[in-house]
Q: 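After the structure tokens below, expect a handful of questions from me.
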Amino acid sequence: MSQPRLETMIGRISMKNPVMVASGTFGYGPEYAEFIDVEQLGALVVKGVSVEPWEGNRTPRMVEVPGGLVNAIGLQNPGFNGFMKTYMPFLRTLTVPVIVNIWGRTLEEYGQIAALFEKADGVAGLELNVSCPNIKEGGIAFGTDPLMLERVVDLVRKQTTRTLIVKLSPNVTRIADFARMAEAGGADALSLMNTYPAMVIDIETRRPVLANVTGGLSGPAIHPIAVKLVYEAAKAVKIPIIGMGGIREAAEAIEFLIAGARAVAVGTANFTDPATALRVADGIQAYLVRKKLASVSELVGTVKVGS
Amino acid sequence: MSQPRLETMIGRISMKNPVMVASGTFGYGPEYAEFIDVEQLGALVVKGVSVEPWEGNRTPRMVEVPGGLVNAIGLQNPGFNGFMKTYMPFLRTLTVPVIVNIWGRTLEEYGQIAALFEKADGVAGLELNVSCPNIKEGGIAFGTDPLMLERVVDLVRKQTTRTLIVKLSPNVTRIADFARMAEAGGADALSLMNTYPAMVIDIETRRPVLANVTGGLSGPAIHPIAVKLVYEAAKAVKIPIIGMGGIREAAEAIEFLIAGARAVAVGTANFTDPATALRVADGIQAYLVRKKLASVSELVGTVKVGS
Amino acid sequence: MEHGTTGRLEEARVLGQDPVGEDYRRLVLHVPGIAAAALPGQFVHLRVPGLDDRVLRRPFSIYRVKGDELLLLYKTVGTGTRAMNALKAGDALSVMGPLGRGFPLDRPDSVPLLVGGGYGAAPLSFLAERLAGPGVVFLGGRRAADVLCLDDFKRLGWEAKIATEDGSLGEKGLVTGVLDRWLDARPAGAPAGEIYACGPDGLLKALAGRAKDRGLTAWLSMDRHMGCGAGVCLACVIRVKRPDGNGGEIWARVCKEGPVFESRELVWEGAAS
Amino acid sequence: MEHGTTGRLEEARVLGQDPVGEDYRRLVLHVPGIAAAALPGQFVHLRVPGLDDRVLRRPFSIYRVKGDELLLLYKTVGTGTRAMNALKAGDALSVMGPLGRGFPLDRPDSVPLLVGGGYGAAPLSFLAERLAGPGVVFLGGRRAADVLCLDDFKRLGWEAKIATEDGSLGEKGLVTGVLDRWLDARPAGAPAGEIYACGPDGLLKALAGRAKDRGLTAWLSMDRHMGCGAGVCLACVIRVKRPDGNGGEIWARVCKEGPVFESRELVWEGAAS
Ligand SMILES: Cc1cc2nc3c(=O)[nH]c(=O)nc-3n(C[C@H](O)[C@H](O)[C@H](O)COP(=O)(O)OP(=O)(O)OC[C@H]3O[C@@H](n4cnc5c(N)ncnc54)[C@H](O)[C@@H]3O)c2cc1C
Ligand SMILES: Cc1cc2nc3c(=O)[nH]c(=O)nc-3n(C[C@H](O)[C@H](O)[C@H](O)COP(=O)(O)OP(=O)(O)OC[C@H]3O[C@@H](n4cnc5c(N)ncnc54)[C@H](O)[C@@H]3O)c2cc1C
Ligand SMILES: Cc1cc2nc3c(=O)[nH]c(=O)nc-3n(C[C@H](O)[C@H](O)[C@H](O)COP(=O)(O)O)c2cc1C
Ligand SMILES: Cc1cc2nc3c(=O)[nH]c(=O)nc-3n(C[C@H](O)[C@H](O)[C@H](O)COP(=O)(O)O)c2cc1C
Ligand code: FES
Ligand code: FES
């Protein structure tokens, strides 16, 4: 038998395998390139970039919990110019598709950052972060109000011809409503989930461990929640979905694909093992071989519900 | 130094220690009484009871995941009469306060079950379950719509003079809104959180593992989410809060108390070790001694936020 | 007819374990209270040490009791059983048991026919030890290595009939085939046989069919995924006929009303999972 | 001035470990690639095996390098280090390293003054080995058992000055006191000392003060909780002065721009956590 085809499409981005890395867990590209061959990734999603440089939150910004971690980095980034100068030259040397995660504090800023990237070479797609739980303005406020969501997606859509991925917040009652809103607003794809709002208290000092008081939970702990969200969103929309949340091994990625995701992203597990995404891609391939499936597409959304 | 006081009050229920067991994870009382001394519990909360007997969901109903489990029992129960006949005689022999978790498929059924328990001796309080993710009608539908929530709480309040605890769903964007609604409707206390909607897919069969397709995630995985919800709810209301979600050791319970809970409940960990609640109560006592605190009240809600 | 006893939560000490063929292991625990109360067909619920990210115990049939010692016979199949491989003499672990209702021991008028598949032989070995006199045991498995406890039964003077799917031990085929031929060869008028079985669902279902067709009584020990193991969580339920006999069905908890059920009580469609 | 090297992801084999006093252990790893590239002050990021419910690696300074072997000196303080106690010869574990920028090795005109608190002595021992000639090392700790690597320094011919808070070894008090007196006793015109330090934040902050007051250069190795260890996650950041020198502050990643910083770069207020 010939090798199964791992290729998948997200909007107009064609990926050689369905495994990307999640924004904020892979830096801007060069950092982990010392340790693994980043060219083997399905796609590389960089940390959130805004129009102006942003300091992020005070420290501590991260705390490990059983089954994951809670972070409140607060979207620290060098701004559009800093990003273009420091990281784009490296990213342009890659053949792997580069997706830039973008965010703003206001509707206008979302529009501006999308417009700025319209002129940037070497960026295959934009991932619109409307779901960061760790900043006071912007972020999750856009992702948990359906009307705001549609407005921001619609606005960004008008500014960009790149593949537009909208990253949804899990912190809503009915994800299907938000998935539909993003689709209606012109998204080419959806990604979910972002981290879930959470808090850790140090019982010795009785202070929140994070300087930001609350943060976002990621890692294996959230995986069954993420699978449910991907499943619900996939039923609601026609555009492709990128599933993420707690992937460590191929099995967890395969669950997302079966639930309806066309691609997946590895986040927190990069910290455990920077080679996770490559291992997961290999594992998906081995699974397809074992299951005699000719391609990833034969797996996507095939969850059998009902008897 | 004299022993710290572990007593706490939830509505008019006085508990000798702040550790109860969570509904659905301790049966109706007699089951675990073979294994541990249930009289040492702060309170005993029984599994959800409805007006008529209820079959619950088909099997499989539970699946273990890293850091917890996903269940879709579907509120199987013998109905009011069956409960009164089979379990109330045992429960009446106890001095520990008994709280009955109640639910209905319709507004009317919520009212009826509350009214039925009004005549039942030996029931200290009712916990209104408006947050079960595992039944088609009722349950979470009431807990994720603020107006529905206020209506059902208001209705039940009119039917009962018992301490009324409203068990909130975590599956909402702003828990504070729901906490306030329940308080406005006449709740004496709030409990949170119930399980979080989740899904597990068997990658060999490509079927959801649970017959109900989706279920609710519980256990250590959800603890940092629950702490955040308790913290937010405690800021929003004056009535006491019962914190639960992922407690295994005293430390996790203490986090809830510091975040603002007056009592806590142990759920999934009962399956790991039926003596968890007793161990947690002992651990809280040891902590109070070590921290030279005279009572649980000196701990409740003392989280230091800001510098 | 009560074949259960009161359970307890006990801290056991591992005395040792040794491999039984390739896939199975025998684990010896020092756990006096549970050992004293244990009856054949009952099970224990183990908290496997070191499984920090797992919240559930693991259920195992009681294989044998020797004074204060309790023996288990387990197959390594997943996370929990893999972690059990690392248990060594001196380790402590929390055990709940004995749990559930076991096999009836008070049915002297019939020949006991024990039918086991794979590790299903374990509780039958314990049963054979506690039954008044010897009977016949039918053991099956995929291959020779899956036929367990043969020596135990021989030691007790039981007649053993074997079948393996690959023919590597005994007859080639299913154990139900061997049982069928044995039953067919029974002289008319010989005392009725009564089946006691433990093994995979397929085997138990086939035996329920045989029992019905031939008018035999069959006691089947069911294997379902468990949460609490103590009748609390309602995860392990299967469909059984209403005891009032008017045709309805209800749920029974395998951990509490079972694991052993009389085959006529069971409703196979609803229970298959 | 670059004191870092390119990191790699390498599968290490444990060669053994042995206790160093009550609370510390020396772990020996066979990890040729990282050992060859390691520089003093750099660290490795370990995936501790068996920590199934933990997602982060654990950072440790490189204590010594012997051919293909890398030695760590660690204190057991929590989940990860407790699990490390179980590592035994033959175990495999994933190591990222060498990471970060270490101490400068190219400053020959000054007397190296090494100041270590607790396990902070470990990277200084490595540094002493790689520095051109011997200097003076100042070691402090709560009690005698917290004064580490003394033999290493003696072997290299270094003068060692000790202070313990309980007076159980060397002078009673803080190591900064001993340093102060040594500096005060320095004849005028003697070559300037340059401080290289690793230890608790309090010690490093005190040294930064000394350096400023006395016009000395001090290289401080900072200890912050880390996520990725590779400059990716921005969890480990501390406040430093803008390199352009016009008064502003920016974040620096301890895992990447550090862990060693020149004390004048650091902004203590923002960094205290
Ligand atoms: C009453 C009873 C008696 C049993 N007696 C024995 C015995 O004597 N020897 C033996 O080897 N096995 C026995 N089993 C099966 C044994 O419980 C499982 O093999 C074991 O739980 C697998 O755990 P794991 O973590 O290795 O597998 P995993 O697949 O990693 O376990 C995941 C989850 O599924 C559950 N699970 C997986 N397989 C089974 C199964 N077959 N039955 C029940 N739960 C399962 C686990 O308990 C756990 O909750 C018995 C089961 C029951 C219900
Ligand atoms: C650059 C650097 C070099 C270090 N060198 C050494 C060394 O040579 N010897 C040694 O014994 N220790 C060293 N440490 C500290 C060591 O990393 C921690 O003691 C260790 O991570 C504790 O892990 P744990 O799981 O046992 O503790 P836990 O408290 O259970 O850990 C929980 C989390 O907090 C983190 N953490 C806890 N304490 C520290 C700490 N002091 N520093 C950083 N992270 C911490 C852990 O990594 C983990 O993410 C160094 C730290 C850094 C940043
Ligand atoms: C440290 C950290 C930083 C993150 N930064 C971003 C970010 O800048 N933009 C964004 O959209 N998501 C960010 N995320 C969310 C991840 O991209 C991902 O959605 C989430 O962590 C769930 O996946 P995981 O469980 O595999 O980590 C961040 C997550 C972590 C842990
Ligand atoms: C098997 C199971 C059954 C449950 N049944 C109920 C129920 O009947 N009513 C209810 O309000 N909550 C029910 N819950 C939710 C728990 O009471 C609790 O809110 C939740 O499990 C979180 O706590 P934990 O993480 O400690 O388990 C159930 C949970 C589990 C795991
Ligand atoms: S396993 Fe919980 S009721 Fe049977
Ligand atoms: S630890 Fe991740 S950037 Fe330093």
Q: Can you tell me if A/Arg151 has over 12 outside heavy atoms packed within less than 6.0 Å of its CZ?
A: no

Q: Do the side chain of B/Arg206 and the main chain of A/Gly301 share a donor and acceptor less than 3.5 angstrom apart?
A: no

Q: Main chain of B/Glu204, side chain of A/Lys291: is a donor-acceptor contact present, judged purely on distance under 3.5 Å?
A: yes

Q: Is there a donor-acceptor contact under 3.5 Å from the side chain of B/Thr144 to the main chain of A/Thr173?
A: no

Q: Just give me the residue among A/Gly67, A/Gly219, A/Ala198, A/Ala221 that pairs up with chain B most often, heavy atom to heavy atom, under 4.5 Å.
A: A/Ala198

Q: Where does A/Val172 contact chain B at under 4.5 Å (heavy atoms): side chain, backbone, both or neither?
A: both

Q: Given a strict heavy-atom distance threshold of 4.5 Å, which part of A/Leu217 is in contact with chain B: side chain, backbone, both, or neither?
A: side chain

Q: Go through B/Glu255 and A/Val200 one step at a time and tell me if the side chain to side chain contact (heavy atoms under 4.5 Å, CB included) criterion holds.
A: CA-CA 8 Å; B/Glu255 269 190 81; A/Val200 180; 3.9 Å; yes

Q: Can you name the nearest heavy-atom pair linking A/Lys304 to B/Thr205, along with the distance?
A: NZ-O, 3.1 Å

Q: In terms of heavy-atom pairs under 4.5 Å with chain A, which of B/Thr302, B/Val227, B/Ile254, B/Ile203 leads?
A: B/Ile203

Q: Among B/Val230, B/Val70, B/Asn171, which has the most heavy-atom pairs under 4.5 Å with chain A?
A: B/Asn171

Q: Please indicate whether A/Arg5 has more than 12 foreign heavy atoms, meaning atoms of other residues, nucleotides or ligands, lying under 6.0 Å from its CZ.
A: no

Q: Measuring heavy-atom distances to chain B, does A/Tyr287 have an atom under 4.5 Å in its side chain, in its backbone, in both, or in neither?
A: side chain

Q: Side chain, backbone, both or neither: which part of A/Val213 has an atom under 4.5 Å from a heavy atom of chain B?
A: side chain

Q: Can you tell if the side chain of A/Ile225 reaches within under 4.5 Å of the side chain of B/Pro197, non-hydrogen atoms only?
A: no

Q: Let me know if B/Ser169 has heavy atoms under 4.5 Å from chain A in its side chain, its backbone, both or neither.
A: neither

Q: Check whether any side-chain heavy atom of A/Arg248 lies under 4.5 Å from a side-chain heavy atom of B/Pro66, and answer yes or no.
A: yes

Q: Let's go through B/Lys228 and A/Thr214 carefully: what are the C-alpha distance in whole Å and the side-chain angles of both, what is the deciding distance for side chain to side chain contact (heavy atoms under 4.5 Å, CB included) to 0.1 Å, and is it a yes or a no?
A: CA-CA 7 Å; B/Lys228 156 86 157 51; A/Thr214 61; 3.4 Å; yes

